[in-house]
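Notes follow the structure.
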Amino acid sequence: MEPIRIYDTTLRDGTQGENVTFTADEKLKIAMRLDDMGIHYIEGGWPGSNPRDVRFFDLAKGENFNNARITAFGSTRKPGIAAEDDINLKAIINSETPVAAIFGKTWPLHVESVMGNSLEENLAMIGDSIEFLKNAGREVIYDAEHFFDGFKQAPGYAVETLAKAADAGADFIVLCDTNGGTLPHEVESITASVNRRLKALVNHDDVLRLGIHTHNDCGMAAANAVAAVNAGAVMVHGTINGYGERCGNADLTTIIPVLSIKMNRPCIPKEKLCNLKSLSRYVSETANIVPWNSRPFVGHSAFAHKGGIHVSAIMKEPRAYEHMNPEVVGNQRRVLMSDLAGKSNVEYKAREMGVDLCANGCDSKTIVKTIKQMEEEGYQFDVADGSFKIMLEKFTRQFNPLFELEAFRVTIEKDKDLPCSAHATVKVSVGDVHEITAAEGLGPVSALDNALRKALANFYPDLDVMQLVDFKVRVVDGRDGTEAKVRVFIESRDKDQIWSTIGVSEDIIEASWQALADSFQFKLAKEAKQMNAVSQADTNEKDLKQAWSMPCNA
Ligand SMILES: [Zn+2]
């Protein structure tokens, strides 16, 4: 079966999405990651349209790509001039990429009403431009813009434009759903019909290779791409995370696993699939866009289980509530703690965190009840793994406090028009030693964080690698106005992990302190565990195995 070529346009069509921008250097780094993934074509940009893209192609010249062919994008020549005089086409040649992708018009509405051009000249523009690029030794990919809309208005002419491209030597002819308004059944039947009609029209015996380029305006971009593959397309265009104009392009993080796992169509090497989630994350981090949790296959929630019945079933047999093994795409199964938490969720999560719920004669039923009660009060443990672990340790009397708070004081000052300033004093004890420190901060929580950090630094010098990366406050129930309960959520990270903690109180400082203290405790416990890791490794594994086989007494 012919392999499907994956054509990535994150760096060109992707950057047409709102809030998506990359510098030339960032583009190069993304291109290297795409290459490593085994993507066949990387459309780097439109050299005729902006200097940043010209710079990207300059940078790309100096790199070795093992799998991908770098592609420069542009349009067919302008009406009424020779291809060799067209600035756009020249810019493509100057970018020195092995592949050129150019788009041309299919839809008479665009040719005549928008551009004021004639249908004949449009055909000549397509033929001349492709010939020019072929004569310059390029592999040419022809994008038939608005193909499906054009085909619906004038099927004969639409196919004629493709025949022109094929006769001029285009290596791939890509049907574009530029406006994103076409539905999968239409894409499938039109693509199949084009395949048949084109063969009859073209004047050479070379293999005709069709591609598909879809947009997500009806939420159908991925489905449309798959429909076209079913009808014979062998190249799929898309972007990582579906970034792109308006509602985005077809999302390659969906299409690649669908083709590879669900349809068993060879595309990228199967052993590379496990890098898909990290590639998705890398691109969203670079674009500085919060990753979409429910993104199929690679989203944080894609294999997350909340309902108790689901969890007890997946503990027996993951296939019961999972359409595939999450690890194949580099994702993982997660069990969420929530008000739906059943006994199995807690057991599963505890096991994942290495906490033995049956330790010290504890009863997991009571623990579940308490968790539910706390969630009633505003805690939300599915977003706070760090606090959840600490809480489980406390419930099962396995908690080992690595510091204890004696007291803290926070003061805020506001002077006329000057911004507020915050000062915190913290008194903690570690073992028998007491420590008092003071610090300033941009706000009360930052002052507390700084003071606590300073106090603990004397005991735990490695703390400086830990950072607070996110701080969110939410009113749990707004009915009590300023006396309402708030939930504070803190996300922290060090060089190899991100963890989240939570605090709930009517007092925002108290809630913040709870989340902050849990965050430090989590980090310190992690450090302590790593210190003991080598000597403990064998014992821990034995304990964990025992935890699996040991029935809880609940
Ligand atoms: Zn597009």
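We count ligands from 1, going down the list as the structure has it; atoms in each ligand are counted the same way.
In this structure, Phe172 and Tyr41 have perpendicular ring planes: the angle between them is above 60°, well past the 30° mark.
Note on Cys176: not counted as a metal contact of the Zn ion (ligand 1), no N/O/S atom lying under 2.8 Å. Backbone or side-chain N, O or S atoms of Asp13 reach the Zn ion (ligand 1) at under 2.8 Å. The Zn ion (ligand 1) has an N, O or S atom of His213 closer than 2.8 Å.
Checking side-chain atoms of Asn331 against main-chain N and O of Lys277 turns up no donor-acceptor pair under 3.5 Å.
Taking the ring centre of Phe303 as origin, the terminal cationic atom of Arg333 falls outside the region bounded by 6.0 Å and 45° from the ring axis.
Of all non-hydrogen atoms in Gly104 and Thr76, the two that sit nearest each other are CA-CG2, 3.8 Å.
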